[in-house]
2 protein chains.
Amino acid sequence: MTEDAFLADYDPSRYPAVAVTVDVVALTIRDGVLHVLLVERGEAPFQGRWALPGGFVKVGEENLDQAAARELAEETGLSSPSRVHLEQLASYGDPGRDPRMPIISVAYLAFGPEMPDPRAGSDASDAAWVPVASLGLTASGAQPPGATRRLAFDHARILSDGLERARGKLEYTPLATAFLPGTFTIPELRAVYECVWDEALHAGNFHRKVLSVPGFIEGTGDTTASGGRKGGPRARLYRAGDARLLHPALLRPASEEDIR
Amino acid sequence: MTEDAFLADYDPSRYPAVAVTVDVVALTIRDGVLHVLLVERGEAPFQGRWALPGGFVKVGEENLDQAAARELAEETGLSSPSRVHLEQLASYGDPGRDPRMPIISVAYLAFGPEMPDPRAGSDASDAAWVPVASLGLTASGAQPPGATRRLAFDHARILSDGLERARGKLEYTPLATAFLPGTFTIPELRAVYECVWDEALHAGNFHRKVLSVPGFIEGTGDTTASGGRKGGPRARLYRAGDARLLHPALLRPASEEDIR
DNA sequence: AGAATAGTGTCTCTAAGACAGTATAGA
DNA sequence: TCTATACTGTCTTAGAGACACTATTCT
C-alpha cells in the first residue's frame with residue numbers, strides 16, 4: 001500500500017483521543033513583589049477556585065506555542081508580539097487530574113514587565129495578578145488547606161514547577177530583563193533577582209558582576225531623571241544586550257538541602 | 001448547578017480531541033560511543049524510515065511517566081525498575097507533524113547503562129541502538145538529505161533537543177552515573193562526559209574535580225581486577241553518591257557561539 | 001544635616017586549568 | 001624496556017563574596 005493510499009484509507013477514530021489544553025504560568029513583578037496571573041473559575045469543576053489561565057488547543061489550526069500566546073493575550077488583553085518571554089514548561093497528564101475527562105495539559109511559562117490588570121475571559125468570573133507568596137506554596141508544590149486562594153486542578157504543582165524553572169533561568173540566561181521595561185537600572189535588575197529568588201543580594205558585588213558578563217546589558221548613556229525614593233544618586237540606564245546565555249552564570253548560593 | 005450534577009451532565013465530545021503519544025529519546029554508551037534507540041517503521045507513514053520508540057498513551061489508565069516507561073520497556077525488553085533514568089523532555093504539537101492526523105507527542109529522555117540489543121516491537125520492523133554521530137544531526141535539529149538513516153516525523157528535532165538536554169544535565173546533576181553500571185572508575189566516568197559532550201577532558205583535573213564535589217561519587221574500597229587495555233595501574237572503584245545536584249557544577253567550556 | 005543609595009576599590013578565598021611528576025600496569 | 005595510564009602536586013589565574021569608601025540625591 002502506498003502512503004497516499006494509506007492516508008486516504010485512514011480512520012483517526014481508531015486511535016484513543018484526549019483533550020489537550022495549554023495552561024500559562026505568567027509571572028510579573030508589581031511593586032517589587034512577584035505576581036502570577038490567575039483566573040477565578042466561573043464554572044464547575046472547581047467553581048470559585050483560582051486557576052492558571054489556559055484553554056483548549058485549536059487542534060490542527062495552531063501549534064502549542066501559538067496556543068499559549070493566544071491564551072495569554074486573551075487573558076491579559078495584551079497584543080501578542082510584546083516584550084513577553086514565553087517558553088514551554090512541561091506537560092501534565094495524570095489520570096483524574098481533571099474530574100470531567102482525561103486531559104493532557106501543556107504548561108507554558110511567561111515573563112513580562114509590569115502589565116495592566118487583566119480582564120476576565122468568557123469562562124472566568126474574575127482574573128487578577130496575585131502575589132505568589134500569598135498562595136503559601138510549599139517546595140513540593142502542595143498548598144495548605146487554609147490558604148485564602150486555593151488553586152484548582154494540579155495547578156499548584158504546575159505553578160511550583162514554573163517558579164523553580166524561573167529561578168533557574170535567571171541564573172544562566174539574561175531573562176531577568178524580560179521582567180523590566182526597555183531601559184532599566186542595575187538596582188532594578190537586582191530587584192528582579194531578589195524577588196524571584198527571594199534572597200537579598202549584595203548591591204555592590206551584583207553591580208560589578210552583571211557588568212562583567214559579556215552581552216548581558218549595555219549602557220544607553222542616560223541616567224534616571226531623579227534619584228531613588230529615599231535618596232541616592234541618579235542611576236545609569238541600561239538595555240538588554242545580545243547574549244542568549246550568561247557566562248559566567250549568576251549562581252544563587254546553593255543550600256545543602258537543595259543538593260542532597 | 002452542583003459539581004456532581006455538572007459531571008453527570010457532561011459530554012466530553014463537545015471538546016476537541018487529539019491523539020497523544022509518548023516518544024522516548026533513549027541514550028546509552030556502547031564501546032565509548034553515544035547511541036540512541038531507534039525503530040524502523042514497518043507501516044506508513046514514513047515506512048522504512050527510522051523513528052524514536054513510542055506509542056499512544058493509554059488514556060485514563062496511566063500517566064505520562066508510566067506510558068514512557070512502558071514504551072521503553074516494550075522496546076528494550078528491560079523490566080522497568082532498572083537503573084534507567086527517565087525524565088520528561090518536552091511536547092511537540094505542530095499541525096502536520098504527523099500526516100495522518102493531529103498528534104501531540106510528549107517526548108521523554110532516558111539514560112541507561114549498556115543494554116542488550118532491542119527486539120522489534122509489533123509496529124516496528126526492526127529496532128537497534130544507533131550511534132548518534134551516524135545520523136549527521138546539525139545543531140538546529142535538521143538532518144542532511146543524504147543521511148543513511150533518515151528520521152521520521154520531527155524526530156530529528158526531538159532527538160536534537162534531547163541531546164542538548166543531556167549535555168546540560170551532565171553539567172549540574174550526577175546523571176552521568178546513570179550511563180554506568182553500579183560500580184565504575186573515574187576514567188569510565190570521564191569517558192561518559194567525553195562522549196556526551198564530544199570533547200576531550202583533562203584526565204588529571206577531571207579526577208580531582210569529581211572527587212571534590214560533595215556527594216557525587218563515593219569509593220567502594222575496591223579496585224579493578226586488572227589495569228587498562230594498554231597498561232596503567234588498577235583504578236579505584238566508585239559508586240554514585242547521594243547528591244541530586246552537583247555543586248560546584250562541572251561546566252563545559254562555553255564557546256562564544258553558544259552565548260550569542 | 002542626616003540618611004539612603006549608586007557605584008568603585010581592594011582583599012581574601014575558592015576553584016578551574018595548565019603542567020609536571022610518580023607509581024603501576026600491559027605489551 | 002617501553003608505553004600508556006591512574007593519580008597527585010603545584011602554580012597561575014578568574015571569579016565570588018566581604019568590606020570599605022566616595023559621591024550624589026532626597027528629606
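Sequence lines set the chain letters: A, B, ... in the order given, protein chains first and strands last, and positions in each chain run from 1.
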_A/Glu164 and A/Arg252 ion-paired at < 4.0 Å_ = yes
*Does B/Asp161 come within less than 4.0 Å of B/Arg165, counting only side-chain N to carboxylate O?*
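No, B/Asp161 and B/Arg165 are not salt-bridged.
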*Using chain B heavy atoms and a threshold of under 4.0 Å, write down where along DNA chain C the contacts begin and end, 5' to 3'.*
C/dA16 to C/dA27
Collect all protein-nucleotide pairs involving nucleotides 3-6 of chain D in which both atoms are nitrogen or oxygen and the distance is under 3.5 Å.
| residue | atom | partner | partner atom | Å |
| --- | --- | --- | --- | --- |
| D/dA4 | O4' | B/Lys230 | O | 3.3 |
| D/dA4 | N3 | B/Gly232 | N | 3.4 |
| D/dA6 | OP2 | B/Arg190 | NH2 | 3.4 |

*Qualifying residues under side-chain hydrogen bond (donor to acceptor under 3.5 Å, both in side chains), relative to A/Arg190, sequence neighbours excluded*: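 By the side-chain hydrogen bond (donor to acceptor under 3.5 Å, both in side chains) rule, A/Arg190 matches no residue at all.
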*Just wondering, more than 12 heavy atoms not from A/Asp198 lying within 6.0 Å of its CG?*
no
*Nearest-nucleotide comparison on DNA chain C, the residue closer to the 5′ end among A/Tyr238 and B/Gly204*: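 Its nucleotide being nearer the 5' end, the pick is A/Tyr238.
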*May I ask you to check if B/Arg167 and B/Trp197 form a cation-pi contact, with NZ or CZ under 6.0 angstrom from the six-membered ring centre and within 45° of the axis?*
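That pair does not qualify as a cation-pi contact.
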*Determine whether the side chains of B/Tyr92 and B/Asp23 contain a donor N or O and an acceptor N or O closer than 3.5 Å.*
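No, B/Asp23 and B/Tyr92 have no side-chain donor paired with an acceptor closer than 3.5 Å.
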Close side-chain approach of [X] and [Y], heavy atoms under 4.5 Å:
| X | Y | value |
| --- | --- | --- |
| B/Leu250 | B/Leu170 | no |
| B/Arg149 | B/Val130 | yes |
| B/Val106 | B/Leu89 | no |
| B/Thr183 | B/Asp222 | no |
| A/Pro118 | A/Trp129 | yes |
| B/Leu37 | B/Leu72 | yes |

*Where along residues 168-175 of chain A does a heavy atom come under 4.0 Å from DNA chain D, residue by residue in number order?*
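Nothing qualifies; none.
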*List in chain and number order the residues that pass salt bridge (Lys or Arg N to Asp or Glu O under 4.0 Å) with B/Lys169, two or more places apart in sequence or in another chain; answer none if no residue qualifies.*
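In terms of salt bridge (Lys or Arg N to Asp or Glu O under 4.0 Å), with neighbours along the sequence ignored, B/Lys169 is linked to B/Glu87.
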Close N/O contacts between protein and nucleotides 10-15 of chain D (under 3.5 Å):
| residue | atom | partner | partner atom | Å |
| --- | --- | --- | --- | --- |
| D/dT10 | O4 | B/Arg208 | NH1 | 3.2 |

*Remember a base hit wins even if backbone is also touched, and classify B/Ser226 as base, sugar-phosphate or nothing at under 4.0 Å, heavy atoms.*
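Sugar-phosphate only.
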